[in-house]
Amino acid sequence: QVQLVESGGGLVQTGGSLRLSCAASGRTFSSYAMGWFRQAPGKERELVAAISWSGGRRYYEKSVEGRFTISRDNAKKTVYLQMNSLKPEDTAVYYCNAGGTQAGSSWYLQLNYWGQGTQVTVSS
């Protein structure tokens, strides 16, 4: 099992940057792929970025590609989401998820390990 705690959210102006962190507890962090999801009011939760256990494979949702960077430090049991050039449409609660991998282009497999979420608000 793994427990996840997100931090780093806040209020930022359009064009600004934030870095989210997700700290994990448990021995098996390095065996999980990790994902960042977000949920805006009235919308479904969506996967925005994912990283394999080794960091060698990454996924980005099209609207964040080139602006967001996911990374991980297995020694620190932490996954990061660097968010640059933020837009008002990035406003959402961001959640960290521990998952696995599956065959195919949609390779990230979410499991039922979630953090509590951190609010990101981008003002126009």
Side-chain angles (χ1 to χ4, degrees):
Q1 275 198 335
V2 61
Q3 291 78 43
L4 305 171
V5 178
E6 300 100 334
S7 61
L11 173 64
V12 64
Q13 291 186 333
T14 296
S17 298
L18 285 172
R19 188 174 85 152
L20 306 184
S21 298
C22 173
S25 59
R27 296 184 187 180
T28 58
F29 172 77
S30 60
S31 68
Y32 290 98
M34 298 297 296
W36 283 99
F37 288 72
R38 68 185 178 189
Q39 187 166 21
K43 295 189 176 182
E44 292 187 355
R45 192 174 295 189
E46 63 173 352
L47 177 66
V48 294
I51 188 166
S52 62
W53 68 271
S54 67
R57 192 172 189 184
R58 303 182 191 196
Y59 161 84
Y60 296 99
E61 194 272 328
K62 283 189 177 180
S63 70
V64 308
E65 203 160 13
R67 300 188 296 123
F68 290 11
T69 302
I70 189 169
S71 62
R72 66 188 295 160
D73 185 332
N74 286 340
K76 295 182 178 180
K77 297 182 181 180
T78 302
V79 62
Y80 305 97
L81 186 68
Q82 177 67 45
M83 305 186 295
N84 298 329
S85 303
L86 283 161
K87 304 175 181 180
E89 51 264 42
D90 295 318
T91 295
V93 178
Y94 284 70
Y95 297 91
C96 178
N97 176 264
T101 58
Q102 58 188 357
S105 58
S106 299
W107 57 267
Y108 185 77
L109 177 65
Q110 70 180 70
L111 300 176
N112 197 28
Y113 300 118
W114 296 95
Q116 82 287 354
T118 186
Q119 176 71 47
V120 171
T121 303
V122 184
S123 63
S124 56

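Values in this document were obtained by computation on a predicted structure and should not be read as measured data.
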Give me each pair satisfying disulfide bond (SG atoms under 2.5 Å apart) with a member in residues 38-94, each pair once, sequence neighbours excluded.
none

Residues pairing under disulfide bond (SG atoms under 2.5 Å apart) where one sits in residues 51-124, two or more places apart or in two chains, turn out to be Cys22-Cys96

For [X], what residues pass the side-chain hydrogen bond (donor to acceptor under 3.5 Å, both in side chains) criterion, not counting sequence neighbours?
{"X": "Glu89", "result": "none"}
{"X": "Tyr108", "result": "Asn97"}
{"X": "Thr121", "result": "Gln119"}

Atom OG of Ser25 and atom CD of Gln1: how far apart are they, to the nearest 0.5 Å?
9.5 Å

Common cluster, [X]/[Y], ILVMFWY with side-chain heavy-atom separation under 4.5 Å:
{"X": "Tyr94", "Y": "Tyr80", "result": "no"}
{"X": "Val12", "Y": "Leu81", "result": "yes"}
{"X": "Tyr59", "Y": "Met34", "result": "no"}

Looking at every non-hydrogen atom in both residues, tell me the closest pair between [X] and [Y] and how far apart they are.
{"X": "Ser123", "Y": "Leu11", "result": "CB-CD1, 4.3 Å"}
{"X": "Ala24", "Y": "Leu4", "result": "CB-CD2, 3.7 Å"}
{"X": "Leu111", "Y": "Ala98", "result": "CB-O, 3.3 Å"}
{"X": "Gly100", "Y": "Ala33", "result": "O-CB, 3.7 Å"}
{"X": "Ala23", "Y": "Thr78", "result": "CA-OG1, 4.2 Å"}
{"X": "Gly55", "Y": "Arg72", "result": "N-CD, 4.3 Å"}

Quick one: ring-ring contact (aromatic ring centres under 6.0 Å, His included) partners of [X], sequence neighbours excluded?
{"X": "Tyr113", "result": "Tyr32"}
{"X": "Trp107", "result": "none"}
{"X": "Tyr95", "result": "none"}

Just jot down the side-chain contact (heavy atoms from CB on, under 4.5 Å) partners of Ser7, sequence neighbours excluded, or say none.
Ser21

Which residues pass the side-chain contact (heavy atoms from CB on, under 4.5 Å) test with Ser31, sequence neighbours left out?
Thr28

Flag side-chain contact, heavy atom, 4.5 Å: [X] against [Y]:
{"X": "Ser17", "Y": "Gln82", "result": "yes"}
{"X": "Glu61", "Y": "Phe68", "result": "no"}
{"X": "Arg58", "Y": "Thr69", "result": "yes"}
{"X": "Val120", "Y": "Met83", "result": "yes"}

side-chain contact (heavy atoms from CB on, under 4.5 Å) between Arg57 and Thr101, worked out
CA-CA 10 Å; Arg57 192 172 189 184; Thr101 58; 5.9 Å; no

For Gln116, look at atom CD and say whether over 12 heavy atoms of other residues, nucleotides or ligands are found less than 6.0 Å away.
yes

Would you say Gln102 has more than 12 foreign heavy atoms packed within less than 6.0 Å of its CD?
yes

Qualifying residues under salt bridge (charged side-chain N to carboxylate O under 4.0 Å, His left out), relative to Glu46, sequence neighbours excluded:
Arg38

Criterion side-chain contact (heavy atoms from CB on, under 4.5 Å) on Tyr60 and Ile70, from CA distance to verdict
CA-CA 8 Å; Tyr60 296 99; Ile70 189 169; 3.5 Å; yes

Any chance you could pull the hydrophobic cluster mates of Trp53, using side-chain heavy atoms under 4.5 angstrom and chaining through other members?
none

Describe, in one word, how the ring planes of Trp114 and Phe37 are oriented to each other, choosing from parallel (under 30°), tilted (30 to 60°) and perpendicular (over 60°).
perpendicular

